[in-house]
There are 2 protein chains.
Amino acid sequence: MNPNTLEEIARLSGVSRSTVSRVINDHPNVRPEVRARVQRIVQQVGYHPHAAARSLVTKRTQVIGLLIPQAVTRIFTDPFFPHLIRGIASTCNARGCHLMLSLFTSSTDQDSLYRQVLRSGYLDGVVVASTTLDDPLIPRMIEDGIHMVCVGRYPDDRVSYVDSDNVRGSRMAVEHLLRLGHRRIATVTGPLSMVPGHDRLEGYRQALEARGLPVDESLIAEGDFSEEGSQAVMQRLLATGPTAVFAASDPTAIGVMKALKAAGRRIPDDVAVVGFDDLPIASIVEPALTTVRQPIEQLGATATDLLLKLIEGEVQEPQHVILPTQLVIRASCGS
Amino acid sequence: MNPNTLEEIARLSGVSRSTVSRVINDHPNVRPEVRARVQRIVQQVGYHPHAAARSLVTKRTQVIGLLIPQAVTRIFTDPFFPHLIRGIASTCNARGCHLMLSLFTSSTDQDSLYRQVLRSGYLDGVVVASTTLDDPLIPRMIEDGIHMVCVGRYPDDRVSYVDSDNVRGSRMAVEHLLRLGHRRIATVTGPLSMVPGHDRLEGYRQALEARGLPVDESLIAEGDFSEEGSQAVMQRLLATGPTAVFAASDPTAIGVMKALKAAGRRIPDDVAVVGFDDLPIASIVEPALTTVRQPIEQLGATATDLLLKLIEGEVQEPQHVILPTQLVIRASCGS
DNA sequence: TTGTAAGCGTTATCAT
DNA sequence: ATGATAACGCTTACAA
């Protein structure tokens, strides 16, 4: 497939292996004339350096991993991930590195997969997405000194992360509902073991408390970020008679809307709905969804950039980046 | 990160490097007692062989690529890809290999990316998805002798592929509509430069011709597999007064349904709709979508299996696998 | 059954 | 500015 070696190019261009290496790596100290000759040959035979040989000595692979622990069904349902991947992949392309996808599905031997992926030198570092607080992977990676950046806040100062401002975003959403006069505001949360699930509920609480309103726990129900799951959860929540619902993600909001419609409630006349994400679908559903926009692709791109800096040693200390969120008002809240 | 070497394990267990290598690779001809001792040390220090060093000599990386040429927006919208990825990733996990994601976005320097990814020895082979007929990548890969399997039929006998039975599936769909008495059956196709787009239209044609019915070209409109695009296309098609529409994918069908609803047509009373894919969303939309089920995950899994066999040399000749499709009847066709 | 030694294709150090 | 040469960590004959 790629039978050419440095040695061969050297022979063909009548110089030594080292000179060819210098040309390939754009080192100075090569006579322009020689450089040109070598480059021509390289071009001609379509030579490309062998990655493994190279990384054996440089200790760099130019490959980063996207690690998704506990890869559950959600990944293949929630458009969040495709958007995230796009952000990561385009940054990789731009920076000349490559992306390895590691889904730690529950069935796989976690320990063996961990060693294969993280201890074999395959990867220069990893972007970790969709972690739960109790995931044993992160502590292990910290201990092993693996370069990593989490997408989503992680409550350990040693780990770098990039996150949306979930608390502020959801607080804005609920404040908007309050401003519209709603007092019985229910919320279908994400999994509370996941940071965004937790944080978006926190924003909900803060909005109420800032107004001096009590938090009625019966209006809070834990969902799983999915459409189906949230629909079922909302169905049970109907009995509490909310006039508005804050859904912790757009798929959640869709599920909520389905449950409401199935129960004959009109949106927003009977019940207002606000989501979180601003996925393309938010502006397509009927009625169009008021939601909190988080910059998913940018999350991926920023995480990747940061990871690359960490790897290069451009920054040493763990970094924590929070990207702003923004309320996008559409029809579903009736304002 | 992984400072251990074979040499070190050898020293620690009082044997030679080669013996450790034999233990690691499960070679026979190692005294059980010695094997056990070495394994204990390996376990203790958490040793894992260095991938690059290993592949430098074996010429295998245990990494396969998922190559998506012309990676357009669709990839991040159409649930087809997440499902495909799931099939590929779980097979990779099961077979101890890893997955590299290569999106050839239009902005990237195709040639440079090609060499980096395909000629650097990074990959043992690739699964190629979503190709167009005129993509220059495939011929180049054939020429370079790269192990590959296409997801989706490719009209060159030298390339292996795995595909759903698109022609048969869409033919069944249209035959079903004919059986229900429809005679003005429109179709919103996929991009006709893509094989599945082409094949699903072919099935439509065959169904009509088998009944001796003329194919009215004004009832055929080219879409792009997307919801938004198809909605616009359907809007224009309304004027032709179809009583049924065959949509070439589920997202297409959703777009079609939206256009119909927006025009005040009832489904299925005024117009029947049939889709293609059977994504989870098909059973969620209102009315539930009659559609042709194609086994997307299995497509990915089969392609990966085949690729691995090709790499191992277990099979030499290009293989062509067609997986069966199946009509799933729900409410949207009113039967 | 075990050890010795020769590569694999690079980069990097040191002379020249 | 260029060329030997020694690593990098592993597998694999071949020898013992």
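Each chain gets a letter, A, B and so on, in the order the sequences are listed, and its residues count up from 1.
- Distances shorter than 4.0 Å separate none of the side-chain N or O atoms of A:K59 from OP1 or OP2 on C:dT11.
- B:L118 has its side chain out of reach of A:H48: every pair of non-hydrogen atoms, C-beta onward, lies at least 4.5 Å apart.
- In this model, the phosphate group of C:dG3 is approached by a side-chain N or O of B:S16 to a distance below 4.0 Å at OP1 or OP2.
- Applying the 4.0 Å criterion to OP1 and OP2 of C:dT10, one finds that A:Y47 has a side-chain N or O inside that range.
- Counting to the nearest Å, the P atom of C:dT1 and the CZ atom of B:R37 are 15 Å from each other.
- What separates CD of A:E33 from C1' of D:dT2 is a distance of 13 Å, to the nearest Å.
- Contacts between residues 17-27 of chain A and DNA chain D, defined by a heavy-atom separation under 4.0 Å, are made by A:R17, A:S18, A:T19, A:R22.
- Nucleotide D:dC10 holds its C1' atom 9 Å from the NE2 atom of B:H50, rounded to whole Å.
- In this entry the distance linking CG of A:N4 with P of C:dC8 reads 15 Å, nearest Å.
- Atoms CD (A:E7) and C1' (C:dT10) sit 11 Å apart, rounded to a whole Å.
- D:dG9 atom P lies 14 Å from atom CZ of B:R11, rounded to whole Å.
- Checking side-chain atoms of A:D124 against main-chain N and O of A:T61 turns up a donor-acceptor pair under 3.5 Å.
- Side chain of A:D144 to main chain of A:I146: no donor-acceptor pair is present (N/O by atom type, distance under 3.5 Å, no hydrogens or angles).
- Comparing A:L56 and B:P28 by the nucleotide of DNA chain C that holds the closest heavy atom to each, the one mapping nearer the 5' end is B:P28.
- Counting heavy atoms from C-beta outward, B:V45 and B:E8 have side chains that stay 4.5 Å or more apart.
- Place B:R54 and A:V30 on DNA chain D by their nearest nucleotides, and A:V30 ends up nearer the 5' end.
- By the side chain to side chain contact (heavy atoms under 4.5 Å, CB included) test, B:Q298 is found to be paired with B:P295, B:T302, B:L323, residues two or more places apart in sequence or in another chain being considered.
- The CG atom of B:L6 sits 12 Å away from the P atom of C:dG3 (whole-angstrom rounding).
- Atom CG of A:N29 is separated from atom C1' of C:dA12 by 14 Å (rounded to the nearest Å).
- Under a 3.5 Å cut-off, the side chain of A:R17 and the backbone N or O of A:T5 do not form any donor-acceptor pair.
- Between B:D111 and B:R115 there is a salt bridge, since a side-chain N of the basic residue sits under 4.0 Å from a carboxylate O of the acidic one.
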